[in-house]
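Numbering of residues begins at 1 and proceeds along the displayed sequence. Reckoned from all heavy atoms, side chains included, excluding hydrogens, waters and symmetry mates. Atoms within each ligand, like the ligands themselves, are counted from 1 in listed order.
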Amino acid sequence: MKTLIVATGNQGKLREMQAHLTGIDVTLELKPEALEIEETGTTFEENACLKATSIAKAMGQWAIADDSGLAVDTLGGAPGLYSARYGNSDRDRIERLLRELGSSENRHARFICVVAIARPDGSIAISSEGICEGEILYTPRGTGGFGYDPIFYVPQQNKTFAEMSPELKREISHRGKAFQTLLPQLYNLQ
Ligand code: ITT
């Protein structure tokens, strides 16, 4: 059994990552809070790899990281890589996004997630991307999930992420898709 250090400070992500890895022969340990990594990459993949590599090297153990964000067409792909830095709380971030989008009719957006796993020497063993397409609502709906979930609506399900069960979100979300590609490779980690 392998131990993976989870390189995140985001509780919502942590819960979902744990659920995706349930039943797999790995033990998850949260990174020490004091160990913070500056996200200096220019893509989700670079940032996911940077977080996994830095934590793996600092701890001398296997590490897993997720870099994700919401890209809104009308805002030229913003908040994108800066999704976490768009405000000081989930509520601030949602309010800012709704304010900037105003009454724009094109509300198409996509969530992107890259999950990376690094070996104890920092080299990347696996990285995997998932995308989920949707629309930004005018007002939040639902109480589940975290982050931008209450304003991210998936037309095929007629629900926001925050209105979905955790199981449904796991199946169709950006993170879910990244994990679906990653999981089969997890058994051959070396
Ligand atoms: P770590 O880097 O410590 O993992 P973070 O919150 O800083 O945590 P990111 O830099 O990857 O993570 O930023 C992701 C942002 O996108 C953050 O504001 C999340 O709340 C949001 N986000 C990512 N996945 C999401 C999801 O499934 N539902 C809602 N919001 C999500």
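In terms of heavy-atom proximity, C132 sits nearest to S173 at CB-C, 4.0 Å.
Take F179 and apply the ring pair (Phe, Tyr, Trp, His ring centres under 6.0 Å) test, not counting sequence neighbours, and it matches H20. Shown here are the ring pair (Phe, Tyr, Trp, His ring centres under 6.0 Å) partners of F152, two or more places apart in sequence or in another chain: F111, F161.
Residue L137 shares its hydrophobic cluster (ILVMFWY side chains chained together at separations under 4.5 Å) with Y153.
The cationic group of R93 does not satisfy the cation-pi geometry with Y86, failing either the under 6.0 Å distance to the six-membered ring centre or the 45° limit from the ring axis.
Of the possible polar contacts, none joining the R110 side chain to the E133 backbone as a donor-acceptor pair under 3.5 Å is found.
Within 4.0 Å of ligand 1, counting heavy atoms only, the contacting residues are T8, G9, N10, K13, E39, K51, D66, D67, S68, G69, S83, A84, R93, F111, F146, G147, Y148, D149, K169, H174, R175.
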